[in-house]
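What follows is a set of notes on a single structure, which appears directly below.
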Amino acid sequence: MRVALTTGEAIELPLGATVAEAIKALCPGKVRKTSVAAQVDGRAVDLSTPLAEGAVIEPIAIDSQEGLSILRHSAAHIMAQAVRELFGAEVQVAIGPAVEDGFYYDFDKQESFSSDDFPVIEARMQAIVERDLPFVRQEVAKSEAIAMFKAHGQRYKVELLEAIEAETVSLYRQGEFVDLCRGPHLPSTGWLKAFSLIKVAGAYWRGDEKKAMLQRLYGTAFPDAKALKAHLHALEEAKRRDHRKLGRELELFAISDQVGPGLILWQPKGAQLRKILEDYWKEEHYRHDYELLYTPQIARRDLWRTSGHLDFYVDDMFSPMEVDEVSYQIKPMNCPFHIAIYQTRKRSYREFPIRWCELGTVYRYERTGALHGLMRVRGFTQDDAHIFCLPGQLEEEILNILELNLHILKAFGFADYKVYLSTRPEKYVGSDQNWQRATEALKLALTKKGLPFEIDPGEGVFYGPKIDIKIRDVLGRFWQCSTIQVDFNLPERFAITYTGEDGEEHQPIMIHRALMGSLERFFGVLIEHYAGAFPNWLAPVQARVMNISDAQLDFSKDVYLQLKKAGIRIEKDLRNEKLNYKIRQAQLLKIPFMLIIGDKEVEERKVTVRLRDGQNLQALSIPELIEMIKLESRIPVAD
RNA sequence: GCUCACGUAGCUCAGUAGGUAGAGCACUUCCUUGGUAAGGAAGAGGUCACCGGUUCGAUUCCGGUCGUGAGCUCCA
């Protein structure tokens, strides 16, 4: 029979030849050695799969994304086998897929795992690897598989099987361990070269919080030890950059039990940085033809009844308070206030588009388990805006928003995005026609902007379709910040109108959008992105004056005052300490410019500058110094 | 909210097999006046998260509450 590679090369092989044999015959040594499975006629299969006449093969390399996922999936099976061997057959195994950076397997076991168990499990996994057991695929009738797992007492597998519609299912066996699995897998356990268990945590059976809590063991695996080491190093690096740790060390923000969980206290350094962010944001919004609003923190609860938020989100809102026998509510959203401003007078189509923005602080009751540093909080400030426009202006407005959005993100060095377009969910308001038109407008705008996007079917909010943008930080992690949402609900519920060209009243289209999302969260992302070493334009302290001894006190104070007057964010460290010590402390605080003053500098009326990276500049006069720092602290301009 | 773990000085952590606690850094004072990542000495600082129980006695054991962490679930 004749089989071919997707590249076109073909060969004659005896009937019943396997994928492995075909790859051996057709591919150079390197491909042969790194192929763990293959796409055959578009389907991922094991190397041991027999081929049919005319099969077209594309080898899957172990270091490709798909290959890695096969490797990790196999590692999950090996881990499950190790756990079963170690802890006995009464351990129930649930599911064990490959995930983003590794794999996990869920177990139901009386006693809980702890990280102390990891070395033992890893050692047993290593033993299984050394046994080099082949992964053997077997297709059986569903009923047969159910009977087998029942006999083994594996009720989770039985439950999974019962949910499968197909009559035939595939099992994978390595040694004594059999698992229900679609495959493909590595040829044998010996292929697992580098793996590590990472953590253990609870996880609900089938992700349902009403169902049993299982124990999830996370691990990761790589084709070689070097790649594993690099990954573990990256995890360390992420830990080193943890915004909660840096926030405390750099005195940026704090969270106090006394105040309450999920409520952020912005310390002076953090507040300074926030001010820079806010000023920049306002400036850019002014330039992009937005008008700024301020609205209250609370409003009558009825406002939220009208808006519909109460119906959908009452469990996520703080409890109401009584004021003069009227129920008030702390705001979880800014939009109803903007609508109230819209309603202050009659509106004409000639005013459109109306672009209103606000740094609006909102409070939402997040479940305790969801809280996390600055990333998930109960009180936060949205960089919110609402745009009221005509249906025909929708696409252009989306385009404007995208343009401002990317412009702002780029200033922080975020130039890599994942863009999602979320379409109509099952539960929704608004006409099908409106949904379709709005979704088309979003799509068109994204296409015009040249932004590749993925469709997230059914993930839109009940009131309209949306675009979400995730930004990629320097560690390659993605963070959801920007969101652009069309809203058919609020204009309807508040019955807002404008007078059209025809003299009739019409309903405007409303767009909600946030670029940074929440200032708290964005701040957290920035801390991790920059590892606390903020660029000069954002650094809460740009420079610190350090004298060598008391002899330079006067000049040092003079330098401090002059820079302060020039608007440089400056501090002084004139303590009776050694220079080494002062430099070390400034370095740990990641201050960009260290201004060093000794006798030589006093004599020349100049300052020696040490940069954060250890580099020394030539001595500068005070005016030169001010100019240099200002020049180095310009806001980065995005294309 | 759920599962598991954790909560000792401002920070990082040690400790007590039940007899009211200790280090380093930071802080204060003194000595030192020193040129690019920690000079020396002394001092101050803790109701061992909170509430209850067991006990002659609890920071230590048990229960609850609050908070934190990892994950699950959720995120207008």
Side-chain angles (χ1 to χ4, degrees), chain A residues 99 104 106 108 111-116 198-218 239 242 244-245 248-249 251 254-262 304 307-317 331-336 362 364-373 375-378 380 382 384 425 460-464 466 480 483 485 487 489-490 512 514 517-518 521 546-553 575-589 594-601 608-612 614-616:
Chain A
V99 289
Y104 67 79
D106 286 347
D108 189 353
E111 285 174 23
S112 51
F113 286 113
S114 84
S115 49
D116 297 340
I198 302 287
K199 60 194 163 200
V200 56
Y204 300 110
W205 168 232
R206 315 206 100 184
D208 184 340
E209 60 185 316
K210 291 186 190 68
K211 294 208 163 91
M213 178 65 77
L214 306 174
Q215 297 187 62
R216 178 169 295 178
L217 284 177
Y218 283 90
K239 220 167 153 185
D242 190 313
R244 294 164 299 182
K245 181 172 176 283
R248 190 169 46 237
E249 288 172 1
E251 303 192 311
I255 299 170
S256 152
D257 285 10
Q258 197 182 187
V259 174
W304 311 103
S307 72
H309 289 114
L310 222 40
D311 297 341
F312 276 83
Y313 303 111
V314 70
D315 292 340
D316 305 309
M317 285 158 66
K331 68 171 166 182
M333 289 287 268
N334 302 304
C335 20
V362 298
R364 296 179 185 175
Y365 172 77
E366 298 283 355
R367 299 159 92 183
T368 50
L371 300 173
H372 179 90
M375 303 303 189
R376 194 71 183 274
V377 293
R378 285 186 174 158
F380 58 97
Q382 292 182 311
D384 212 353
V461 204
F462 72 92
Y463 51 67
K466 63 169 180 174
Q480 152 95 57
T483 184
Q485 312 179 341
D487 188 340
N489 182 50
L490 288 182
H512 308 250
S518 103
R521 188 183 152 77
M546 302 171 214
N547 58 339
I548 287 171
S549 76
D550 291 348
Q552 306 91 33
L553 267 179
R575 294 173 301 172
N576 176 11
E577 295 289 353
K578 290 202 165 195
L579 183 62
N580 273 345
Y581 181 73
K582 294 185 184 183
I583 286 183
R584 177 183 155 78
Q585 293 207 327
Q587 198 74 48
L588 290 174
L589 293 173
M594 289 166 238
L595 312 180
I596 293 163
I597 297 171
D599 286 337
K600 201 174 71 181
E601 285 79 6
T608 299
V609 181
R610 178 195 157 104
L611 303 179
R612 214 158 23 177
Q615 205 189 139
N616 263 321

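Numbers restart at 1 for each chain; the letters A, B, ... are given by sequence-line order, proteins then strands.
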Exercise for review: In whole angstrom, give me the gap between the C1' atoms of B:U16 and B:C74.
Suggested key: 42 Å
Check your understanding: Which nucleotide sits closest to the side chain of A:Met213: B:C2, B:U36, B:G39?
Key -> B:C2
Exercise for review: Could you work out which one of B:G35, B:A26, B:A37 sits closest to the side chain of A:Gln585?
Suggested key: B:A26
Revision key, fill the gap. dist A:Trp304:CH2 -> A:Lys331:NZ (nearest 0.5 Å) comes out at 7.5 Å
Review point. Could you state the interatomic distance from CG (A:Asp316) to CZ (A:Arg378), rounded to the nearest 0.5 Å?
Key: 11.0 Å
Review point. Paired with B:U29 by Watson-Crick or G-U wobble geometry, both distances under 3.5 Å: which nucleotide is it?
Key: B:A41
Exercise for review: Begin with the C-alpha distance, continue with both residues' side-chain angles, and end with the deciding distance and a verdict on side chain to side chain contact (heavy atoms under 4.5 Å, CB included) for A:Gln552 and A:Asp599.
Suggested key: CA-CA 7 Å; A:Gln552 306 91 33; A:Asp599 286 337; 2.8 Å; yes
Check your understanding: When rounded to the nearest 0.5 angstrom, what is the spacing between CD1 in A:Ile548 and CG in A:Asn580?
Key -> 10.0 Å
Practice item. May I ask you to verify if any side-chain N or O of A:Ser549 is less than 4.0 angstrom from the OP1 or OP2 atom of B:G34? Key: no
Point to revise | Closest listed nucleotide, where the reference is the side chain of A:Arg575 and the choices are B:U36, B:G1, B:C27 | key: B:C27
Point to revise | Euclidean distance for P, B:U55 against B:A9 (whole angstrom) | key: 30 Å
Review point. Under the 3.5 Å rule, do the base of B:C75 and the side chain of A:Arg376 count as making a donor-acceptor pair?
Key: yes
Review point. Taking atom types as they are modelled, is there a donor-acceptor pair under 3.5 Å from the base of B:G35 to the side chain of A:Glu601?
Key: yes
**Study point:** Watson-Crick or G-U wobble mate for B:G46, both contacts under 3.5 Å
**Key:** none
Review point. Which whole number of Å gives the distance between the C1' atom of B:G34 and that of B:A70?
Key: 47 Å
Review point. With a non-hydrogen cut-off below 4.0 angstrom, is A:Gly207 in contact with a base, only sugar-phosphate, or nothing?
Key: sugar-phosphate
Check your understanding: Between atom CE of A:Met333 and atom CG of A:Asp384, what is the distance when rounded to the nearest 0.5 Å?
Key -> 7.0 Å
Exercise for review: Mind checking A:Asp550 for me? I need base, sugar-phosphate or nothing, with any heavy atom below 4.0 Å counting as a touch.
Suggested key: base
Practice item. Choose from B:A76, B:G1, B:G39 the nucleotide whose nearest atom is closest to any side-chain atom of A:Tyr313. Key: B:A76
Check your understanding: Do any side-chain nitrogens or oxygens of A:His372 fall under 4.0 Å of OP1 or OP2 in B:C75?
Key -> no
Practice item. Round to a whole Å and report the spacing from CD of A:Glu366 to P of B:A76. Key: 9 Å
Practice item. Please tell me which of the listed nucleotides, B:U36, B:A76, B:G71, lies nearest to the side chain of A:Lys199? Key: B:G71
**Study point:** Closest contact, heavy atoms only, A:Cys335 versus A:His512
**Key:** SG-CE1, 3.4 Å
Check your understanding: Whom does B:G69 pair with, Watson-Crick or G-U wobble, provided both distances fall under 3.5 Å?
Key -> B:C4
Practice item. Write down the distance separating the C1' atoms in B:G18 and B:C48, rounded off to the nearest Å. Key: 14 Å
Check your understanding: Rounding to a whole Å, what distance do you find between A:Arg378:CZ and B:G67:P?
Key -> 7 Å
**Study point:** Spacing of the P atoms in B:U3 and B:G63 (rounded, Å)
**Key:** 14 Å
Check your understanding: A:Arg610 side chain: which of B:C72, B:G39, B:A37 is closest?
Key -> B:A37
Exercise for review: Please measure how far the C1' atom in B:G15 lies from the corresponding atom in B:G24, and state the result in whole Å.
Suggested key: 15 Å
Review point. B:A76 C1' sits how many Å from A:Leu490 CG, rounded?
Key: 10 Å
Check your understanding: Given B:G39, B:A37, B:A70, which nucleotide is nearest the side-chain atoms of A:Lys578?
Key -> B:G39
Review point. Is there a donor N/O on one and an acceptor N/O on the other, under 3.5 Å, for the side chain of A:Arg584 and the base of B:U36?
Key: no
**Study point:** A:Leu589 CG - B:U36 P separation (whole Å)
**Key:** 20 Å
**Study point:** Whole angstrom value for the distance that separates P of B:C74 from CZ of A:Arg367
**Key:** 9 Å
Point to revise | Minimum-distance nucleotide (side-chain atoms of A:Pro261 versus B:C74, B:G67, B:G35) | key: B:G67
**Study point:** Polar side chain donor-acceptor pair, A:Arg521 to A:Gln480, under 3.5 angstrom
**Key:** no
Point to revise | Whole angstrom value for the distance that separates P of B:G71 from OH of A:Tyr218 | key: 7 Å
Check your understanding: For A:His512 and A:Phe113, take the nucleotide of RNA chain B holding the closest heavy atom to each; which residue's nucleotide lies nearer the 5' end?
Key -> A:Phe113
Review point. Which of the following nucleotides, B:C11, B:G67, B:A76, is nearest to the side chain of A:Pro332?
Key: B:A76
Exercise for review: Can you tell me, in whole Å, how much space there is between the P of B:A5 and that of B:G45?
Suggested key: 37 Å
Practice item. For A:Thr608, answer base if it contacts any base atom (sugar-phosphate contacts may also be present), sugar-phosphate if it contacts only those atoms, and nothing otherwise; contact means non-hydrogen atoms under 4.0 Å. Key: base
**Study point:** Opposite nucleotide pairing with B:C61, Watson-Crick or G-U, both atom distances under 3.5 Å
**Key:** B:G53
Point to revise | Under 3.5 Å on both distances, the Watson-Crick or G-U partner of B:G22 | key: B:C13
Review point. Which sits closer to the 5' end of RNA chain B, A:Val609 or A:Tyr365, going by the nucleotide each is nearest to?
Key: A:Tyr365
Review point. Can a side chain N or O of A:Arg521 be found less than 4.0 Å away from OP1 or OP2 on B:C75?
Key: no
Point to revise | Length of the CG-P vector between A:Asp108 and B:U3, whole Å | key: 14 Å
Point to revise | Heavy-atom side-chain proximity of A:Asp487 to A:Val461 below 4.5 angstrom | key: no
**Study point:** Distance-only donor-acceptor test, A:Asn580 side-chain atoms vs B:U36 base atoms, 3.5 Å
**Key:** no
Point to revise | Rounded interatomic separation in angstrom, taking CZ from A:Arg248 and C1' from B:U68 | key: 11 Å
**Study point:** Touch class at under 4.0 angstrom, heavy-atom based, for A:Lys600 against every strand present
**Key:** base
Exercise for review: Spell out yes or no: do the side chain of A:Tyr204 and the base of B:G1 have one donor N/O and one acceptor N/O closer than 3.5 Å?
Suggested key: yes
Exercise for review: Using a 4.0 Å heavy-atom cut-off across all strands, classify A:Asp208 as base, sugar-phosphate, or nothing.
Suggested key: nothing
Point to revise | Stepwise side chain to side chain contact (heavy atoms under 4.5 Å, CB included) test for A:Lys245 and A:Lys239 | key: CA-CA 9 Å; A:Lys245 181 172 176 283; A:Lys239 220 167 153 185; over 6 Å; no
Point to revise | Pairing partner (Watson-Crick or G-U wobble, both distances under 3.5 angstrom) of B:C74 | key: none
Review point. Quantified in whole Å, what is the C1' atom distance between nucleotide B:C51 and nucleotide B:G67?
Key: 15 Å
Check your understanding: Hey, are A:Arg244 and A:Asp242 close enough for a salt bridge, meaning a charged N less than 4.0 Å from a carboxylate O?
Key -> yes
Practice item. Check every strand shown and say whether A:Gln485 touches a base, only sugar-phosphate, or nothing at a heavy-atom separation below 4.0 Å. Key: sugar-phosphate
